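Contents: one structure, followed by commentary.
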Amino acid sequence: TTWGRYVEAKLLVEVTPGDARVVLDDVIARTAASPRMHAGAHVYAALAAHRLGDLERAVRHAELARANSGLARVASAALA
């Protein structure tokens, strides 16, 4: 399920951010109808990119999380 992939990616960000990025790209593609999960996936994609040293991608995902969330707590995480 998409929810299972999202949870898997959250764990992978901590251990293997490169693998997380692949999973998160899939989750982002499937969650446009769920703003909270979609924005959360962007937050975790930003974290994975940052850990891999890809700062441009990290900023892009953080900006997308903030723009797409509509939720203050997700927007706050994106700005961190």
Side-chain angles (χ1 to χ4, degrees):
T1 68
T2 303
W3 183 252
R5 298 275 290 164
Y6 177 69
V7 172
E8 173 190 8
K10 288 171 63 172
L11 295 171
L12 288 172
V13 166
E14 301 298 324
V15 183
T16 55
D19 293 339
R21 189 159 59 177
V22 172
V23 176
L24 286 162
D25 286 345
D26 179 55
V27 171
I28 289 166
R30 295 171 183 254
T31 57
S34 175
R36 183 176 174 188
M37 188 183 293
H38 190 74
H42 277 296
V43 168
Y44 283 99
L47 288 170
H50 184 268
R51 290 187 175 153
L52 292 168
D54 188 346
L55 300 183
E56 284 184 35
R57 186 177 173 107
V59 168
R60 183 168 23 96
H61 278 293
E63 288 173 347
L64 287 166
R66 186 176 51 83
N68 290 310
S69 73
L71 301 168
R73 67 179 166 232
V74 174
S76 295
L79 293 172

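Values below: all heavy atoms of this structure, side chains included; hydrogens, waters and symmetry mates excluded. Values in this document were obtained by computation on a predicted structure and should not be read as measured data.
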message: Within the structure provided, determine whether Arg57 and His50 are in side-chain contact (heavy-atom separation under 4.5 Å).
response: no
query: Is the count of non-hydrogen atoms from other residues, nucleotides or ligands lying under 6.0 Å from Arg30 atom CZ greater than 12?
result: no
- prompt: Taking only residues at least two apart or on different chains, which pairs with a member in residues 22-43 satisfy ring pair (Phe, Tyr, Trp, His ring centres under 6.0 Å)?
  reply: His38-His42, His42-His61
Hydrophobic cluster membership, Val22 vs Ile28, 4.5 Å side-chain cutoff: no
field: Main-chain N/O of Gly4 paired to Thr1 side chain as donor or acceptor, under 3.5 Å
entry: yes
- prompt: Shortest non-hydrogen contact from Met37 to Trp3?
  reply: CE-CE3, 2.6 Å
- prompt: Shortest non-hydrogen contact from Ala9 to Val23?
  reply: CB-CG1, 3.7 Å
task: Run the salt-bridge test on Glu8 and Arg5 with the 4.0 Å N-O cut-off and return the result as yes or no.
output: yes
Transitive ILVMFWY side-chain link Leu52 to Tyr44, under 4.5 Å: no
query: Which atom pair, heavy atoms only, marks the closest approach of Thr31 to Thr2?
result: CG2-CG2, 3.4 Å
field: Minimal non-hydrogen separation, Ala46 against Ala62, with atom names
entry: CB-N, 3.8 Å
task: Measure the spacing between CG of Leu11 and OH of Tyr6 and express it to the nearest 0.5 Å.
output: 11.0 Å
- prompt: What are the two closest heavy atoms between Leu24 and Val13, and how far apart are they?
  reply: CD1-CG2, 4.1 Å
- request: Please confirm whether the backbone N or O of Ala48 pairs with a side-chain atom of Arg21, one donor and one acceptor, at under 3.5 Å?
  value: no
